[in-house]
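See below for the structure under consideration.
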Amino acid sequence: MHSVSGLNQCYGIAGQVNFIRDAHGFDLVEVTNAQATARLALQGAQLLHWAPVGQQSAIWVSDQAIYAPGKPVRGGAPVCWPWFGPHESRTDFPAHGFARNQLWEIVSVVALPDGSTQLSLRLPGQEGTAELWPHDTALDMELTIGKHLKVDLVTRNLGDQPVTVGQALHTYFHIGDIRQVSILGLEGCPYVDKVRHGERHVQAGEIRFEQETDRIYLDSTRDVVIHDPVLGRRIHIAKKGSASTVVWNPWLEKATAMKDLGADGYTHMVCVENANAADDVRILPAGSSHRMEVCYTVAMETP
Ligand code: BG6
């Protein structure tokens, strides 16, 4: 594993890309360019901050987050892979897979001619995870950080048997007030309601929040928009390679039980997760790959 100074020597770009070890002992890459700032933890390749220039972060991290080796931080954009939610047959396996708990490696860092910055990371050989995932696969993440945030997750099946992969980019968006936001773009989509024992319903109109919400939307390939009248912005979420979108807010009772979400944390976050979940898990034939792409854009509303 590289030290922070080694990472800076290999991949640092003066004034643009800097590796640091923070007060919790987490190795982070910090990006500052003419279009945006961002911060990503090498543990889990977990994005913790992205703000287009002149704006607050679009990404929420709990002020009660626990920073511990092998534990995902509450907030940011954890990577759920190679399954989403509980494992289908093993209750003792970690929820949302193991990619979010492991240290990732930097593959390359590039300053792009348009002023944005591209980071490529790889989840290294899954030692210690053979029992959890006895398959020969590779997972890469490519991020382009600028006025848009683009994140691609690429899974390759290196083995000689088909493999079924579930995943999500479990992004916690920073919002002004959960009671006032609405989510557009999922109208007419069927969804699995995890709060109601997996019942299936169809979304009528925009989504608004009045209670715990935990849903996997299916047939969801269109762009989704988070309209936040309190922060006066719309976050646009575009996707490819994903036909499911998870929408989650734990509301007060569950958030209180979670300890790392903070007393009123749930009011300032909403998870909108581009996914391959439920009916949308992907079967990768031997030798094939699958790319799931998301692109976030923040549009400020004129007062
Ligand atoms: C969401 C799930 O994606 O993640 C929820 O739909 C889950 O059911 C939530 O509670 C948080 O998961 P975790 O493992 O990070 O606490």
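Counting starts at 1 for both ligands and their atoms, in listed order. What you see below is based on every heavy atom in this structure, not just the backbone, and it leaves out hydrogens, waters and symmetry mates.
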Do Arg39 and Asp22 meet the salt-bridge criterion of a basic N to acidic O distance under 4.0 Å?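 A salt bridge is absent here (no side-chain N lies under 4.0 Å from a carboxylate O).
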Are Trp248 and Val224 linked, directly or through other ILVMFWY residues, by side chains that come within less than 4.5 angstrom of each other?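 Looking at the clustering, Val224 is in the same group as Trp248.
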With sequence neighbours excluded, give me every salt bridge (charged side-chain N to carboxylate O under 4.0 Å, His left out) pair touching residues 158-179.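 Residue pairs with at least one partner in residues 158-179: there are none.
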Arg233: which residues meet the salt bridge (Lys or Arg N to Asp or Glu O under 4.0 Å) condition with it, sequence neighbours left out?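 With neighbours one apart ignored, the set is empty.
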About how many Å separate CZ of Phe19 and OG of Ser3, when rounded to the nearest 0.5 Å?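 Result: 11.0 Å between the selected atoms.
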Under 3.5 Å, N/O to N/O: give me all the pairs between ligand 1 and the protein, one per line with atom names and distance.
| residue | atom | partner | partner atom | Å |
| --- | --- | --- | --- | --- |
| ligand 1 | 3 (O) | His170 | NE2 | 3.1 |
| ligand 1 | 3 (O) | Glu273 | OE1 | 3.0 |
| ligand 1 | 3 (O) | Glu273 | OE2 | 2.9 |
| ligand 1 | 4 (O) | His96 | NE2 | 3.1 |
| ligand 1 | 4 (O) | His170 | NE2 | 2.7 |
| ligand 1 | 6 (O) | Lys194 | NZ | 3.2 |
| ligand 1 | 6 (O) | Asp214 | OD1 | 2.6 |
| ligand 1 | 8 (O) | Lys194 | NZ | 3.3 |
| ligand 1 | 8 (O) | Asp214 | OD2 | 2.5 |
| ligand 1 | 12 (O) | His96 | NE2 | 3.4 |
| ligand 1 | 14 (O) | Arg100 | NH2 | 2.9 |
| ligand 1 | 15 (O) | Arg74 | NH1 | 3.1 |
| ligand 1 | 15 (O) | Arg100 | NH1 | 2.9 |
| ligand 1 | 16 (O) | Arg74 | NH1 | 3.2 |
| ligand 1 | 16 (O) | Arg74 | NH2 | 3.1 |

Using a side-chain heavy atom cutoff under 4.5 Å and only I, L, V, M, F, W and Y, what cluster partners does Tyr67 have?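 Members alongside Tyr67: Ile20, Phe26, Leu28, Leu48, Val61, Val73.
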